[in-house]
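Have a look at the structure below, then the notes.
The figures that follow rest on heavy atoms only: side chains count, while hydrogens, waters and symmetry mates do not. Being a predicted model, the structure only gives us computed values, none of them experimental.
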Amino acid sequence: MKYLGTFLMVLYASFVGFAQTLIEVKSPDNRLKLNVSLSLKGEISYGIHLKNTTIIKPSSLGFKLNKPALTLNHFSLVSADTSTHFDTWQPVWGEVKSITNHYKEVKLNLKANPSNVLVQVVFRVFNDGIGFRYEFPEQANFKHFIVADELTQFNLAGNNKTFWIPGDYDTNEYLYNATKFSEIHALPASNKEKDIALKSVIGDNFVQTPLMMKTPEGIYVNIHEAALVNYPVMHLQADRQNFKLLSHLTPDAVGNKAYLQTPAKTPWRTIVISDKATDILASKTILNLNEPSKIENTSWIKPQKFIGMWWEMHVGKATWEKASGKHGANTENVKKYIDFAADNGFDGVLVEGWNEGWEDWFGNWKEDVFDFVTPYSDYNLDELLAYAKQRGVKIIMHHETSGSAINYERRIDKAYQFLNEKGINTVKTGYVGRIIPRGEHHDSQWMVNHYNRVADKAVEYKIMLEAHESSRPTGLHRTYPNWLANEAARGNEFNNAPTLGLVPEHETILPFTRLMGGPMDYTPGFFRMHLNQFIPERKTRVRTTIAKQLAMYVTMYSPLQMVGDLPENLKVHPDALQFIKDVPVDWDDTKILEAEPGDYITTARKQKGKDNWFVGAVTDENARKAKINFDFLDKGTKYQAIIYRDADNADWEKNPEVYTIEKVVVDSNSILKINLAKGGGCAVSIFKL
């Protein structure tokens, strides 16, 4: 529902210092306020306030083009259109059953001086944030153009606490840094990272989005983007002295940023704002700024829980390549995974290293590596598919491209026809290494278009998709509900990275950063924390407790949840494994009970189509109490809560694998305070009696 608004829009001239045109738009609940100014010189800027607190100081907008050689940063206002929108929509899968989309919009129709190029800037003001983008309408004398730079500013009101990773065109697999804004230094942070396969660091004062901040006044601010289509990834250049951020687009092989043709529009620039950290995690602004599903019949799209023939390669039990003599993806070994998945009610088994080519796949910038249809001789795919079908389990396909996106596009139709013929409906892609076309980056416009082309192909062949080593997501899973998840951050495989690995606070930061754009294939579910099982001298380890591993199935949202550890390790703790068996991957409702970025998160979710609830609580390196208020339960009804918590002597470093399971009866008046160990957590299954 969209209609002309009666909200406050003031258009007037102010003569304090210099004349300007001012438009003021308030959020539907009147807490958030957007001011848009156009100076007498024609410079357009915006500012944002939460109640009486300035969040974003006046920040200018504009473009620099390479072809035609123009700078679009002085404008005349042609007109301003306003409207209010309210509707609700139902995601195919997600954290909630229904999403409200309520905003006030202003569209500024501008003419650039002196070129007369027409530009539109569209702002949408939600209760918990603001989105804005540029649009270039079709016009007689301006059709094809090349973007040199986008001149979007985000001028902060103070020296915010900032959770950041270095700006990098090719990877987002960094550990997060938590510093004051003035203390951002990306180069030393990058130099500490010795385990990332490919880095293209931009500079010492560049960071990535989603960028999470907390102001000195205690207000939470998250900057990201939505609906990244036909455009490069936006990084941010930090002016550390003046607390300013400037958009920085990923270049292509010749230094250009984007090739566009009118009519054209950029992704939305998003700023989610609240005085409550829980509201940031609950925000649906980024999803609401994406287009509705392009798939009419979505009955073939199913959230999944699966195990992977994957971790044993990381810990030295097996290898991807067959020539080593320790090939993991052999028929008999994969049957054991199928049995484990079937015995525990999992939907599928991911198999990596199944196809020929792993002997020479990485590091040589090689164009033709895999053909995506030829199994190794010791991997009988047809036999395994028949066995999996007999046991009620699906095989999940793995397509590693080794960065050669052009090779994948050349072979994708044959590869997806192969999947259709074999009855395989889910594929995990990978983009490890330097990109081909050579000179492109993982975050450049060409590659962004590639990821979206793959999603389109997956729709055509009714394939569900997850991508690793891709650009970070921007809510496109609303438009492509078959695109279930991405990696696009430092995942659990880095537990085995020898230099830095993962740290206990990582899981309390990711939901406020990477997961703002969409679900992550984080692969929780580790029960053996010391990773010297097959190589005794190995020092790497998982820096959590078992209870925290369980909790992450709730706090780290994904409709595609992998159980990370080996079957033989999971079988050691069948009582803890029960929670992983019980916890669903699709939800009707979500309540963020308490949260603080970098410290702790407690989340409750209601199972899709059932009355069961599940709670997860995680902490950083500090022990603390999680407070669970059960007021989300139906009133007057009793429930049994099964609590999987850290044992009293648990500690991620000294004693990570001890836990306690307790059963209590709760109702909507119950409040529990549960001790979380250092690097620990708790998980709760709640079943109606």
Side-chain angles (χ1 to χ4, degrees), residues 165 168-175 190 193-201 208 233 250 308-316 318-324 327-329 350-372 396-412 415 427-444 446-448 450-451 454 465-473 485-502 514 520-523 562 564:
I165 56 176
D168 191 304
Y169 299 142
D170 280 301
T171 185
N172 29 42
E173 293 185 323
Y174 290 96
L175 274 181
S190 175
E193 300 275 7
K194 307 298 182 186
D195 306 309
I196 296 175
L198 173 66
K199 294 188 291 184
S200 300
V201 187
Q208 299 193 35
V233 166
T250 304
M309 209 298 299
W310 159 82
W311 187 237
E312 60 182 72
M313 285 87 91
H314 286 276
V315 295
T319 61
W320 285 271
E321 70 276 8
K322 182 174 180 289
S324 68
H327 186 219
L350 167 73
V351 182
E352 295 200 5
W354 68 276
N355 54 329
E356 291 186 353
W358 288 91
E359 283 76 15
D360 181 24
W361 74 283
F362 174 73
N364 296 314
W365 222 357
K366 183 179 175 183
E367 183 169 335
D368 292 309
V369 181
F370 304 107
D371 68 7
F372 312 106
I396 297 174
M397 185 56 72
H398 182 225
H399 286 172
E400 175 56 60
T401 69
S402 67
S404 184
I406 202 163
N407 179 52
Y408 194 44
E409 292 202 10
R410 188 162 54 234
R411 299 178 184 272
I412 194 167
V427 65
K428 169 186 174 180
T429 61
Y431 296 89
V432 176
R434 290 184 289 181
I435 293 297
I436 300 175
R438 295 180 179 89
E440 294 290 344
H441 296 288
H442 286 74
D443 286 354
S444 63
W446 195 95
M447 279 303 294
V448 166
H450 166 80
Y451 306 131
V454 171
L465 174 69
E466 69 152 319
H468 279 228
E469 296 87 31
S470 65
S471 60
R472 73 286 183 279
N486 291 50
E487 183 192 38
R490 195 184 195 98
N492 262 313
E493 65 189 22
F494 273 82
N495 281 311
N496 198 42
T499 306
L500 293 178
L502 296 176
R514 157 65 184 80
M520 180 178 177
D521 183 25
Y522 191 61
T523 68
M562 184 162 120

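Side-chain contact between Tyr451 and Asn486: absent, with no pair of heavy atoms (C-beta onward) separated by less than 4.5 Å. Contact of the Glu356 side chain with the Lys322 side chain is not registered, since no non-hydrogen atoms from C-beta on lie closer than 4.5 Å. Under the 4.5 Å side-chain criterion, counting only non-hydrogen atoms from C-beta, Asn496 is in contact with Trp311. The side-chain heavy atoms of Lys428 and Glu352, taken from C-beta on, include a pair separated by under 4.5 Å. The shortest distance between side-chain heavy atoms of Trp361 and Glu321 does not fall below 4.5 Å. Contact annotation: the side chain of Tyr169 never approaches that of Ser444 to less than 4.5 Å [non-hydrogen atoms, C-beta and beyond]. Residues Asp368 and Ser404 have side chains not in contact (no heavy-atom distance under 4.5 Å, counting atoms from C-beta outward).
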Begin with the C-alpha distance, continue with both residues' side-chain angles, and end with the deciding distance and a verdict on side chain to side chain contact (heavy atoms under 4.5 Å, CB included) for Val454 and His399. CA-CA 12 Å; Val454 171; His399 286 172; over 6 Å; no

Test side chain to side chain contact (heavy atoms under 4.5 Å, CB included) applied to Phe494 and Ile196, step by step: CA-CA 9 Å; Phe494 273 82; Ile196 296 175; 4.2 Å; yes

Decide yes or no on side chain to side chain contact (heavy atoms under 4.5 Å, CB included) for Glu493 and Thr523, but give the supporting numbers first. CA-CA 8 Å; Glu493 65 189 22; Thr523 68; over 6 Å; no

Quick one: do Arg410 and Asn407 satisfy side chain to side chain contact (heavy atoms under 4.5 Å, CB included)? Show the steps, please. CA-CA 5 Å; Arg410 188 162 54 234; Asn407 179 52; 3.4 Å; yes

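From Asp168, atom CG reaches atom CG of Leu198 across 7.5 Å, with rounding to the nearest 0.5 Å. To the nearest 0.5 angstrom, Met397 atom CE is 13.5 Å from Leu465 atom CG. Rounded to the nearest 0.5 angstrom, Glu367 CD and Ile406 CD1 are separated by 6.0 Å. With rounding to the nearest 0.5 angstrom, the CG atom of Asn492 is 9.0 Å from the CE atom of Met562. Rounding to the nearest 0.5 angstrom, the gap separating the NE2 atom in His450 from the CD atom in Glu440 is 11.5 Å. Between the CZ atom in Arg472 and the OG1 atom in Thr171 there is a gap of 12.5 Å [rounded to 0.5 Å].
Qualifying side chain to side chain donor-acceptor pair (under 3.5 Å) partners for Gln208, counting only residues two or more places apart in sequence or in other chains: none. Glu400 pairs by the salt bridge (Lys or Arg N to Asp or Glu O under 4.0 Å) definition with nothing, not counting sequence neighbours.
Proximity of a side-chain donor or acceptor of Arg514 to a complementary backbone N or O of Pro473 within less than 3.5 Å is not detected. In terms of modelled atom types and a separation under 3.5 Å, the side chain of Glu359 and the main chain of Ala323 share a donor-acceptor contact. Judged by distance alone, with hydrogens and angles left aside, the side-chain atoms of Thr250 form a donor-acceptor pair with the main-chain N or O of Val233 at under 3.5 Å. Under a 3.5 Å cut-off, the side chain of Asp170 and the backbone N or O of His441 do not form any donor-acceptor pair. At least one donor-acceptor pair closer than 3.5 Å links the side chain of Glu193 to the backbone N or O of Leu175. The closest donor-acceptor contact from the side chain of Arg438 to the backbone of Trp365 lies under 3.5 Å.
The minimum heavy-atom distance between Ser470 and Asn172, with the atom names listed, is O-ND2, 3.7 Å. Here the closest heavy-atom approach between residue Ser471 and residue Ala488 is recorded as O-CB, 3.8 Å. Here the closest non-hydrogen pair linking Val369 and Ser402 is CG2-OG, 3.3 Å.
Between the side chains of Tyr431 and His442, no donor N or O sits under 3.5 Å from an acceptor N or O.
The aromatic rings of Phe372 and Phe370 are tilted relative to each other, their planes meeting at an angle between 30° and 60°. Between Trp358 and His398, the ring planes lie parallel to each other; the angle is under 30°, not in the 30° to 60° tilted range.
Here His327 and Trp354 keep their ring centres 6.0 angstrom or further from each other.
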